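Working notes, beginning with the structure itself.
Predicted, not measured: the structure shown is a model, and the values here were computed from it. Side chains are part of it too, since the values below use all heavy atoms of this structure and drop only hydrogens, waters and symmetry mates.
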Amino acid sequence: MFTAYDVHALTELILEKYTLAMKPLSKELHIPLKALEILMFLANNPEHASAKEICDSLHMKSGIVSVHIDRLVEDGYLTRETSHADRRLISLRVTSKATPIKLKGQALQKQFLSDAFAGMSKEELAAFHQSIEKIVDNLQGMKGVSA
């Protein structure tokens, strides 16, 4: 049976190993890891294109996200587009200049998952996925916890 510490330690280990997997690309591009994380989030989730959605999904503070978005826009990796329906809403879009970064990042993400799930059968992966979905549902339903 997992203890709360075991869950915490596993979460920290996953984050540490993911960071190590993505760090070479960050260094190659000379951009901060958080900026790369934002770029990859937008590349993988174009339907979540607002700064607020980035903050909520990546659990980053708005000031940090804003600084990195500004840099990514300046570097030509993102554009800001005003909504036609509501001029107050700004959507962030990954540019074609970012395509090679997106592809390299996605390859690193795919390798990370492949390494993390090595030796697991399709049935084990399906059970793991189902368990994670239940955990997320449970955590989102807890008082005082938001995701």
**Transitive ILVMFWY side-chain link Val73 to Phe41, under 4.5 Å** = yes
**Prompt:** Any donor and acceptor pair, going by atom type alone, linking the side chain of Ser66 with main-chain N or O of Ser62 inside 3.5 Å?
**Reply:** no
**Item:** Leu103 side chain reached by Gln106 side chain, heavy atoms, under 4.5 Å
**Value:** yes
**Request:** Not counting sequence neighbours, list each pair that qualifies as a ring pair (Phe, Tyr, Trp, His ring centres under 6.0 Å) and has a residue in residues 100-139.
**Result:** Tyr18-Phe112, Phe117-Phe128
**Within one Ile-Leu-Val-Met-Phe-Trp-Tyr cluster: Ile135 and Val7, side-chain cutoff 4.5 Å** = no
**Request:** Report yes or no: do Ser50 and Glu53 form a side-chain donor-acceptor pair below 3.5 Å?
**Result:** yes
**Asked** Which residue pairs pass the salt bridge (Lys or Arg N to Asp or Glu O under 4.0 Å) test with at least one member in residues 112-132, sequence neighbours excluded?
**Response** none
**Verify same cluster id: Met22, Leu58 (apolar side-chain graph, 4.5 Å)** = yes
**Message:** Could you see if Met40 belongs to whatever hydrophobic cluster contains Ile64? Use Ile, Leu, Val, Met, Phe, Trp, Tyr and a side-chain cutoff under 4.5 Å.
**Reply:** no
**Complete:** residues 73-86 vs salt bridge (Lys or Arg N to Asp or Glu O under 4.0 Å), sequence neighbours excluded, gives Asp70-Arg80, Arg71-Asp75, Glu81-Arg93, Asp86-Arg88
**Prompt:** Got Leu36 and Lys23 here, is their nearest side-chain heavy-atom distance under 4.5 Å?
**Reply:** no
**Asked** Are the side chains of Ile31 and His68 in touch, meaning some heavy atoms are under 4.5 Å apart?
**Response** no
**Message:** When you measure from the side chain of Thr82 to the backbone of Ile90, do you find a donor-acceptor pair of N or O atoms at a distance under 3.5 Å?
**Reply:** no
**Asked** Can any side-chain N or O of Thr99 pair as donor or acceptor with the backbone N or O of Ser96 at less than 3.5 Å?
**Response** yes
**Message:** Is it the case that the side chain of Asp137 and the backbone of Lys134 share a donor-acceptor pair, with hydrogens and angles ignored and the cut-off at 3.5 Å?
**Reply:** no
